[in-house]
Each structure stands twice: as C-alpha cells, then as structure tokens.
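What follows is a set of notes on a single structure, which appears directly below.
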Amino acid sequence: MKNRPPQRLAAAAAWAALASAQALAQTAGNPAPDASTRPDHAVTRLSTVVVTPARSAEPLSETLGDNSVVDRTELDTIPNATLAEALGRQHGIEFVNYGGPQNVSTINMRGTNSNQSLVLIDGLRVNNATSGLPPLNAIPLNSVERIEIVRGTGASLYGADAIGGVINVITRAEQYKPFSAFANAGVGTYATTQYDAGFSGASDGWNYSLYGGYGQSAGFNASNRSNYYYNPDQDSYYRSNLGGQLGYTWKPGQTLTFQTFQSRVNGAYDMGEPYFNDRGVQVLSTNMLTSRNVISDLWTSTLRASYSLDSYETFNAPASLVPSNPADGQQHFNTRQSQYTWQNDLKFSATQVVTLGAERLDQSVDANLSDSSYPQPGFVNYQQTSRYTNSAFGIYRGNWGAQSVQASVRDDNNSQYGNFVTGSLLYGLDLTRDWRATIGANTGFRAPNFNELYWPVTPYFMGNPNLQPEKSRNIEAGLRYITDRTELGVVGYYNQIDNLIVNVPLVPSNPYSPYAPVNIGRATIQGLTFTGSQLWGQTRLRGSLDLVDPRNADTGQLLPQRAQTVFKGAVDQTVGALKLTAEVYATSSRMDSLSGQTLGGYSLLNLVASYPLTSYADILVRWNNVLDKSYTLVQGYNTPGSNVFVNLALRM
C-alpha cells in the first residue's frame, strides 16, 4: 500500500520556507580573533570572537552555555554540502531532507521542531512567515564565512521561534587585508558541478566583498515506490547566488555598510506524473543598510534597516493535460519582511557590558493557487496578510574573577498575539584555569505562522485564528575542560513546551477530513550531550554523543523524526602535507512523521583527503557514504548513495 505524503498545503508551506534579510549582530566585516580579556588568565588564549550569544562581540571561550562555531576551514571540507548538512554534522542537531539538496530540508535542534529554531543571516531572522521554517536549502555554503550556533532557548535575545536555539550564518566579508580572493571548481557523482568565486579587501576607510556561485546536478530520484507521488525519474537542480557588502568608515568609529544577498534554487521533485518534470523555484533576496557609530568610549550605537523578499513557485502538470492529477497547476508564495533595529552597547569596563535595543519587524504574505483541486483556485484569501512586532531588549554581561553572569530580558508586542516577555539567566564558574561549570534557565515562545492562523478552508487544511503561541521553559547545566590539546564537555538540559501546536483531523473518524492546527498539552525534551577532542601529534580524534528523550507529555509518545541516540565521530591524520579524515555517523531508530512507522537506525562512513598543490591551490576529494548504505530519513523519499566530489580551491 502506498504511503500518502503530507497534505498538499503542508508541502507547499514547507517549500515556501524562505525568508530573508541581512546583518544585525555583525559589524562591518568579520571580527578578528582576539585574546581573552579575563583578568585571572595568567596566559591569554586566542579565541574565535562571536556575536550571537550576547548580541555583541566576545571570545567564544568566554561565552556561557552550549555554543559553537563552524568556521570556514571546516566548511571547505564539505564543498558541495547544503547548510542543513553542515548543521547536521554538529552536536545537538539532526537534519531531515525530502529527496535531495533542492528539496525541503529541516533540522531538529535539541529535539525541537525545525520551526522552533531561529535561523539568522548576519543577525537578521530568515524563518518564513507562512510556514515558520528556515530556508536551509537557499543559503549556499560558498556565501558563508562561519556559522555561530547557540543551543537552548534564545528568545530573550532574538524574539519568537528560538525555543531550540539560534543559528547565525555570517556571510563572507572583508578580512582585514588589502585584498584577498578565492575560487572553487568541483565535479562529482550524479553529474554534479559547482563553481564559486569571490574577493574582499579593506583600504583607505573602505571595506568590500563580492562573492557568487553556480551549481547544478542531474540528481537522483527524489521519491521511491512507497511514496504516493512516486515518479521514476532523476530530479535535477540548478542553483546560483550572488552577494557582497560595501562599507565606508568616514570618520574613526563611524562606519556605514550596505549588504546584499541573493539566492535562487530551481529544483525538481515528484508529484506523480512520470512524463512531467515538476519543479520548484525558490528565491531569497535581502538588502540591508547599517550605521555603526562609536559615540564615546562607553557607548556604541548601531542602526540597521533591511528589506527582504522570499518567493517560492511550483510548476506542475496542468489539469488540461492530466485531468486525474490532484496536484496540477502552480502555487506561488511570497513573504516580505522589513526589520529595523537600534542597538546600544554600553561598555563600562572590559568585564561589564550592557546592551539595550529596540526592534520593529513588519511581515506581509500573499499566495496564489492555480489548482483545480481547490474549490476556488486563485489568490489565497488569508484573513490577515500582514502583522508587525515591536520589541525592546536588554542584556547584561559581566564577570568577577572566576565568576561570570549573563542576564537578558525581552518584550515582544505582536499585532496578532499580543505581548510576550521572555528572560534568561546564565551563570559560569571557573573551577580551575581549564575547568568551567555553567548553569542557566530561560523562557521562549514560538509564534503561530500565517498558514496555521489564516489558511482558508480547503480539502486538505484550514487555519485556526484562535491559536496561542507555544511557550517553553528550559534549564541546563554544563561542565567543560579545555587545554591546548584536549577539549571535553557535557551538557544536560530539560525543555518543557506548553501550548504545543499540532495538526489534527477535524473529523477523526473520517480519513478524508481536512486537518487544522490546535494547541494541545505539552512536550518535554530532556537530554545529555557529550563532546570531546584530543590531539596526539599529527592525529586528532573528535566526536559527540547525543542522548535525547523528546516526548508528547500527554500521550507519552516519542516526537517524530528524532533519534534518541546519535554519535558523530572523526579521526584527522596529517601525513606530511596530506590531510586525511574518516568520519562516522551513527543513529538509532526513530518514528516517521508521515507514515507513523519506525525508521531503522543507520551508520555512515565518509572519507576525505586534501593536498596542497601549491601555496595557493589545494585539491580535496570527499567520498560520502563509502559503504553505499541504504537508509531513510523520511518514508517515501530517497537519500544519496555512495558519492564522490572533487574540488579544486584557489586562494590568494
């Protein structure tokens, strides 16, 4: 018996998961590495500087909570991967894909839903307003300098939808050099090719960057025979992107910066007719202007304004050609967002910082359905097509010798659901120079999206304007040990989510009943994460183990698409100039969200080798799924088999 996929609306909404914008918690360019400023450090250690955990620059080693960075060095080892795949390599995060890099991808961060984690581009939220999903397949890695990850609720910093955490994608920018450039050319399995290039620099008060890329692939079949819409074809994709920034420091401490990011993905997927090439075109466009002004040694003011357009359009077999096909015609979803931020950083000393700010977010949506399966094809008649949120926030960060504190509070006033106040308190204690213990508690919420609230009555789905936001309470504690050669960490957490929004049939006894979202009881997610890294000479061993128990607290059932045990490990070996890596990914079974069936656990082996041809050129070979394991992420959708990608990288 064929397994019917999600309702048509759900698929369309997921495909519409693009939102956009650029740059908030990032100043012009990327922060350079800096030394710890803690007074009790006898020997300073260089540390990556991050901006996401407290909305202002600080060394990663000094942040409180479970935070990490995926830097450009790591991204260079996965040259043809998607953002979702890059995130899935990190502890505490799983990713799910519906049939190839051109199709819908979602993430589960610490066991939460994909729409319960907030994704930012340079500090600006990009979760879609119609579905709530982040546009993971529309953010190519060639545009990324690094990814900052904050696990645990981040609502008191960034507002709605950060129950699982915050992912901040920092795009390429000037690198504090007069001029630098890069280029990549790669080929691989499934007739895949990828090309990208860019340059950046800084001189005479100006800083600039420009980057772009193009990739295509014949792809593999997105669906299999257990899928209701199975189509025995290859599903190709074409993707392109262009972005950059231009900044000018017209006076010391006074910088004006313009940033732009443009991305387009044209990908095939299956809607059932074997002779028709069903395609979806996803476009993400964002532009932002930032003025950063050092008013005094105490006060730095940052003003930002942005506008983004998020568009998704499908092309399916028209009803005139296939009268029996319930999935004909076109669908088009648009999300427009404008965001304005005024942030003030008050640095009273090297160890005492207060951040105060205000934000305004305007969102509007529209949709068009040219589809005979709907009673009234045409424009989707949302009861409301726009909303706004006015927000104010405050953050305190300070330390006294071995003790550190971060406290934050935020008020979000939304035109749909009213006022919501969230808060966070984190405490850290340096037990020794190498050992640190942390503990924290925070609250968060997820705002219902436009589809959940206002989707009109159709044969598949209808909105519920009476929905209330989901609410979360998260507590966590951690212990970490860091030396020059060894890193160890353990984090335990408990997250309770109330007013959980789920889709239920209006008439449970009728298999053809439309679904509608409702607030039910609560979900509880508790887990332990172990991380470690050890260097012996030219060999490094690194890995993580996630143990998570995500459940519907009312029924006791496990939440779908989450594995309870996930291991990620790697061995890096340097032999002269040759660098070799073996990666292992192993996961336990989990429940499928579509069919309700149990999907078996699986393990994958990947191999990577890189070698410098010259001081400016490197060649890298990545072999994924070496043993050609067959595994399923979503029932009815295929995953890639054994595949190889070869990349030539040029740097100057």
Side-chain angles (χ1 to χ4, degrees), residues 21-35 46-52 56-60 69 71-73 75-76 121-124 140-148 168-185 195-213 241-263 286-297 299-306 341 343 345 347 612 614-618 649-652:
Q22 274 219 346
L24 185 148
Q26 166 82 350
T27 59
N30 292 297
D34 195 8
L46 292 180
S47 174
T48 300
V49 172
V50 294
V51 295
T52 311
S56 59
E58 61 179 324
L60 175 63
V69 170
D71 61 20
R72 189 65 243 177
T73 300
L75 295 176
D76 285 338
I121 296 181
D122 293 321
L124 185 65
L141 294 186
N142 67 65
S143 65
V144 179
E145 183 61 34
R146 69 182 188 278
I147 305 168
E148 299 181 1
N168 192 6
V169 178
I170 308 298
T171 57
R172 290 181 182 264
E174 59 89 11
Q175 297 296 305
Y176 298 94
K177 296 179 181 179
F179 182 82
S180 63
F182 71 91
N184 292 280
Y195 309 96
D196 55 82
F199 60 87
S200 62
S203 179
D204 298 326
W206 292 92
N207 64 80
Y208 56 88
S209 68
L210 183 66
Y211 55 82
N241 69 285
L242 181 68
Q245 75 166 43
L246 180 63
Y248 181 62
T249 301
W250 50 275
K251 185 179 179 181
Q254 317 299 317
T255 302
L256 189 65
T257 304
F258 173 76
Q259 292 175 279
T260 185
F261 176 85
Q262 315 292 326
S263 177
T286 178
N287 300 281
M288 187 174 72
L289 187 64
T290 302
S291 177
R292 184 176 185 271
N293 306 99
V294 178
I295 308 301
S296 67
D297 292 340
W299 177 20
T300 299
S301 170
T302 304
L303 285 168
R304 297 182 175 92
S306 69
T341 304
Q343 179 169 314
D345 297 311
K347 190 172 183 179
T614 70
S615 57
Y616 301 104
D618 297 273
L650 304 176
R651 304 285 187 272
M652 66 171 294

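The model shown is predicted, which means the values in this text are computed figures rather than measured ones. Counting from 1, the numbers follow the sequence of the chain as shown.
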Next on the checklist: Pair T302, T341 - check side-chain contact (heavy atoms from CB on, under 4.5 Å), show working.
Outcome noted: CA-CA 8 Å; T302 304; T341 304; over 6 Å; no
Next on the checklist: Using side-chain contact (heavy atoms from CB on, under 4.5 Å), reason through L75 and I147 one step at a time and then give a plain yes or no.
Outcome noted: CA-CA 9 Å; L75 295 176; I147 305 168; 4.3 Å; yes
Checklist outcome for this item: side-chain hydrogen bond (donor to acceptor under 3.5 Å, both in side chains) filter on T300, not counting sequence neighbours, yields none
Checklist entry - What's the shortest heavy-atom distance between F261 and T171, and which atoms? => result CD1-CG2, 4.5 Å
Checklist entry - Considering all heavy atoms of both residues, which atom of A57 and which atom of V49 are nearest to each other, and what is their separation? => result CB-CG1, 3.7 Å
Checklist entry - Any idea which heavy atoms bring N293 and S291 closest together, and the distance? => result OD1-OG, 2.8 Å
Checklist entry - What residues, two or more places apart in sequence or in another chain, satisfy salt bridge (Lys or Arg N to Asp or Glu O under 4.0 Å) together with D76? => result R72, R651
Next on the checklist: Rounded to the nearest 0.5 Å, what separates atom CZ in F258 from atom OG in S306?
Outcome noted: 11.0 Å
Next on the checklist: As an exercise, state the distance from NZ of K347 to OG of S296, rounded to the nearest 0.5 Å.
Outcome noted: 12.5 Å
Checklist entry - How many angstroms lie between CG in L256 and CG in L289, if you round to the nearest 0.5 Å? => result 5.0 Å
Next on the checklist: According to ring pair (Phe, Tyr, Trp, His ring centres under 6.0 Å), who are the partners of Y248, at least two apart in sequence or on a separate chain?
Outcome noted: W206
Checklist entry - Do you know the tightest heavy-atom contact between Q262 and N287? => result NE2-OD1, 3.6 Å
Item to check | Heavy-atom closest pair, residues Y211 and G244 | outcome: CE2-N, 3.7 Å
Item to check | S301 and its side-chain contact (heavy atoms from CB on, under 4.5 Å) partner, picked from I295, V294, D345 | outcome: I295
Next on the checklist: For the CZ atom of R146 and the CD1 atom of I170, what is their distance to the nearest 0.5 Å?
Outcome noted: 5.0 Å
Next on the checklist: So, using side-chain hydrogen bond (donor to acceptor under 3.5 Å, both in side chains) as the criterion, who are the partners of S203 when residues are at least two apart?
Outcome noted: none
Checklist entry - In Å and rounded to the nearest 0.5 Å, what is the CD to OG distance from Q259 to S209? => result 7.5 Å
Next on the checklist: If the condition is side-chain hydrogen bond (donor to acceptor under 3.5 Å, both in side chains), which residues does D618 pass it with, not counting sequence neighbours?
Outcome noted: none
Checklist outcome for this item: When every non-hydrogen atom of Y208 is compared with those of P178, the smallest separation belongs to OH-O, 3.3 Å
Checklist entry - Who passes side-chain hydrogen bond (donor to acceptor under 3.5 Å, both in side chains) against D71, sequence neighbours left out? => result none
Checklist entry - Can you list the residues that meet the side chain to side chain contact (heavy atoms under 4.5 Å, CB included) rule with T614, with sequence neighbours excluded? => result Y616, A617
Checklist entry - Of N207, T290, T257, which is the lone residue that meets side chain to side chain donor-acceptor pair (under 3.5 Å) with Q245? => result N207
Checklist entry - Going through the distances and angles, do N142 and N184 end up as a side-chain contact (heavy atoms from CB on, under 4.5 Å)? => result CA-CA 9 Å; N142 67 65; N184 292 280; over 6 Å; no
Item to check | Value rounded to 0.5 Å, distance of CG in L141 from CG in N241 | outcome: 10.0 Å
Checklist entry - Sequence neighbours excluded, which residues qualify as side chain to side chain contact (heavy atoms under 4.5 Å, CB included) partners of L210? => result F199, L242
